[in-house]
2 protein chains.
Amino acid sequence: MATIKDVAKLAGVALSTASYALSGDSKVSSKTREKVLEAARQLNYRKNGFAMDLKRSRTNTIALILTDLSGPYYSELIRSVQDVALSNGYDLIACSSMGGKDSTAVKFLREKRVDGAIVLAHNITDDILLSSASAAFPIVVMDRKTTGEGLISVVVDGEQGGYDATRHLIELGHRQIAYISGPSNSFDNALRYQGFLRAMREAGLEEKAKWRLGGSFIREGGYKATKMMMMQGELPTAVFYANDEMAVGGIKALEEGGVSIPDEISVIGFDDIQLAEYVHPALTTIHQPMHESGSLAGHLLFQMLNGEEVNEAYKLKVELIRRNSVKQI
Amino acid sequence: MATIKDVAKLAGVALSTASYALSGDSKVSSKTREKVLEAARQLNYRKNGFAMDLKRSRTNTIALILTDLSGPYYSELIRSVQDVALSNGYDLIACSSMGGKDSTAVKFLREKRVDGAIVLAHNITDDILLSSASAAFPIVVMDRKTTGEGLISVVVDGEQGGYDATRHLIELGHRQIAYISGPSNSFDNALRYQGFLRAMREAGLEEKAKWRLGGSFIREGGYKATKMMMMQGELPTAVFYANDEMAVGGIKALEEGGVSIPDEISVIGFDDIQLAEYVHPALTTIHQPMHESGSLAGHLLFQMLNGEEVNEAYKLKVELIRRNSVKQI
DNA sequence: GTGAAAGCGCTAACAT
DNA sequence: ATGTTAGCGCTTTCAC
């Protein structure tokens, strides 16, 4: 691999001149520049990114950290983060936190391989976040409200969403409502569940233990939990899935069991993923403002990168989206 | 930010000793090691990743290059690449080729910020691929059959897929078949179209110009193309969407226009994305072996990274998936 | 077992 | 306008 040294030698100029020419500095004469560029071309010279980053001690890159690169993607969120990065002239890479402490994500965070990060990965501990973030290395976390030096949070009001979803069912006459839960260590799930409980309590309703089942936030989990619920004999009149992925799995289980939605049972989800609109029946759910939150997170990160002062926590509102999976009783 | 120098000083040892201790080299005495580790802890020392990469001149990271980080995701493919990377002890990052020559993807490729890459992005030119790849920097390209030094391809047999899809329609009695096309510069689209034409020709059928519309491989494009097709008055009995995303858009347009699928019109897609199973009616389509191709691409990349000899081009078979959007005429 | 020193490829301050 | 040079933070050879 040819280095800038080789280019300089071939062009017959000093190392620094070659560097200036290559980066388009105006103080180098156009004749010299041409010579250097030509030499670079001949040698198929490619600058070494690390050497530059090391010297500059910044990368011009931010990272988006996700639990799993293979989705389910909050594609709207990713898109808005991408747009913000692009418009700030920064590069964006995505990396996964699979593997926890040994994951790519943690490596990039700890070894400062980027200038800052947006984190949407519950398996990155607060500990790592707190010890990695600093004024010089800002982090925006989107799935919890942890804050600290260089660490701020942008979250969506999950408690209110859980409340709204449940309230919607109750207003339509439902009294027997199941809650299919996400992982017990999930902050998001906890909030949604709290909202669910608040609405239930307020309506003088009681949660039934047999109707609270775990689905781990994945489609297969929703499917299995629903199957299990159906095996128990008595069915609730409505079920609140703590996210849409599980609701999609649940719909499939219900369909297989010959339980018609929404005639025999109402189903509500949470997230408003793309698929929600396409399943049958179209899923009533709580919309998370993905675009807004991604965009906000991105902007905040750049403000921090620019040394501007920002608040330490932001909370965005959710919205009930009525489709066809919920019916008046 | 504390450097290894600071750690060494605080621990009262030489730079090199600190380095050895930190990387767990066995030749350093456990007493010294403890001293160094303790100093590192006190200073909240984090190694600088670039300095290490620069010195080592390898990153232990591979990149997956996608057109758009925000999907539509070939999530199965990503997952299998991720698995292979993980099992080889490598890190994986994803980056987007949006922005073409100025994209993050090109920067990572040219500046060798990773050890190798898997590319699934038609807007990365052959030129860039060829000039970036080398024995020391292997690339596997998955959306065309370009090959060269350090550059091999893993593709799916799109021509055969186009043929199979069309043949399926013809066998069920269809004679009037529309083709909703992807971007004209897409290699994938070209292959599928060739397969379509081969089946048509073989059956003595003629393609009608008015029934070949562009949809750019996106949902919205499929929707618009279908609307346009419907405005033309006469409808074909079947339509072949060059990918599932467009088919999903098309189904929506058809539904809105009150055209029933598959009774009045049959619809077939290509890709077998996750959504295909969930739209209504469930989409008959051509399955791409995402898992296999991702896994193969990953394994090949690591073989190249290990200096092993590999073939330069691999072609995988597709499979027709019959669901409910196609009907005998 | 530990330390001194070279150097990875680059940028930028400084000198000419 | 061009050249000289000092590092960026790390790994690793070589001497002790």
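Order of the sequence lines fixes the chain letters, A, B, ..., with proteins taken first and strands second; residue numbering starts at 1 for each chain.
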Restricting to side chain to side chain contact (heavy atoms under 4.5 Å, CB included), what partner residues turn up for [X], sequence neighbours left out?
X        : answer
A:Glu309 : none
B:Leu10  : B:Ala39, B:Gln42, B:Leu43
A:Lys315 : A:Val155, A:Asp157
A:Ile218 : A:Ser216, A:Glu220

* Asked: Taking five pairs at each end, how big is the angle between the two axes of the helix from C:dG1-D:dC16 to C:dT16-D:dA1, to 10°?
  ->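 The angle separating the two end axes equals 40°.
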* **For B:Lys31, salt bridge (charged side-chain N to carboxylate O under 4.0 Å, His left out) partners two or more places apart** => none
* To do: Report the residues that fulfil salt bridge (charged side-chain N to carboxylate O under 4.0 Å, His left out) with A:Asp102, sequence neighbours left out, ordered by chain and then residue number.
  =>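 With neighbours one apart ignored, the set is empty.
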* Asked: Can you list every side-chain hydrogen bond (donor to acceptor under 3.5 Å, both in side chains) pair that touches residues 120-134 of chain A, not counting sequence neighbours?
  ->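 Matches after skipping sequence neighbours: A:Ser97-A:Asn123, A:Asp126-A:Arg144, A:Asp126-A:Thr146, A:Ser131-B:Arg46.
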* Asked: If you walk 5' to 3' along DNA chain C, what is the first nucleotide with an atom under 4.0 Å of a heavy atom in chain A, and what is the last?
  ->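 First-to-last contact on DNA chain C, by the 4.0 Å heavy-atom rule, is C:dG9 to C:dA13.
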Which pairs would a plain distance check flag for residues 11-23 of chain B, meaning a side-chain donor or acceptor within less than 3.5 Å of a matching protein atom at least two apart in sequence or in another chain?
{"residue": "B:Ser23", "atom": "OG", "partner": "B:Ser19", "partner atom": "O", "Å": "3.0"}
{"residue": "B:Ser23", "atom": "OG", "partner": "B:Tyr20", "partner atom": "O", "Å": "3.3"}

* Between B:Leu54 and B:Gly12, who's closer to the 5' end of DNA chain C by nearest nucleotide? -> B:Gly12
* Map A:Arg46 and B:Val13 onto DNA chain C by nearest heavy atom, then report which one ends up closer to the 5' terminus. => B:Val13
* Taking NZ from B:Lys5 and C1' from D:dA6, how many angstroms apart are they, rounded to a whole number? ->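 Rounded to whole Å, this separation is 12 Å.
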* Sugar-phosphate means primed atoms, P, OP1 and OP2; the rest is base. With that split, encode nucleotides 11-16 of chain D 5' to 3' as B, S or - using protein heavy atoms under 4.0 Å. => BBB---
Under 3.5 Å, which donor-acceptor pairs do the side chains of residues 53-60 of chain B form with other protein atoms, sequence neighbours left out?
{"residue": "B:Asp53", "atom": "OD1", "partner": "A:Arg113", "partner atom": "NH2", "Å": "3.4"}
{"residue": "B:Asp53", "atom": "OD2", "partner": "A:Arg113", "partner atom": "NH1", "Å": "2.5"}
{"residue": "B:Asp53", "atom": "OD2", "partner": "A:Arg113", "partner atom": "NH2", "Å": "3.4"}
{"residue": "B:Arg58", "atom": "NH2", "partner": "B:Asn60", "partner atom": "OD1", "Å": "2.7"}
{"residue": "B:Arg58", "atom": "NH2", "partner": "B:Tyr90", "partner atom": "OH", "Å": "3.4"}
{"residue": "B:Thr59", "atom": "OG1", "partner": "B:Thr61", "partner atom": "N", "Å": "3.1"}
{"residue": "B:Thr59", "atom": "OG1", "partner": "B:Thr61", "partner atom": "O", "Å": "3.3"}
{"residue": "B:Thr59", "atom": "OG1", "partner": "B:Asp115", "partner atom": "N", "Å": "3.3"}
{"residue": "B:Thr59", "atom": "OG1", "partner": "B:Asp115", "partner atom": "OD1", "Å": "2.8"}
{"residue": "B:Asn60", "atom": "ND2", "partner": "B:Gly89", "partner atom": "O", "Å": "2.9"}

* Asked: Looking at B:Leu120, B:Ile152, B:Val81, which hits side-chain contact (heavy atoms from CB on, under 4.5 Å) with B:Val140?
  ->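 When B:Leu120, B:Ile152, B:Val81 are each tested with B:Val140, the side-chain contact (heavy atoms from CB on, under 4.5 Å) holds only for B:Ile152.
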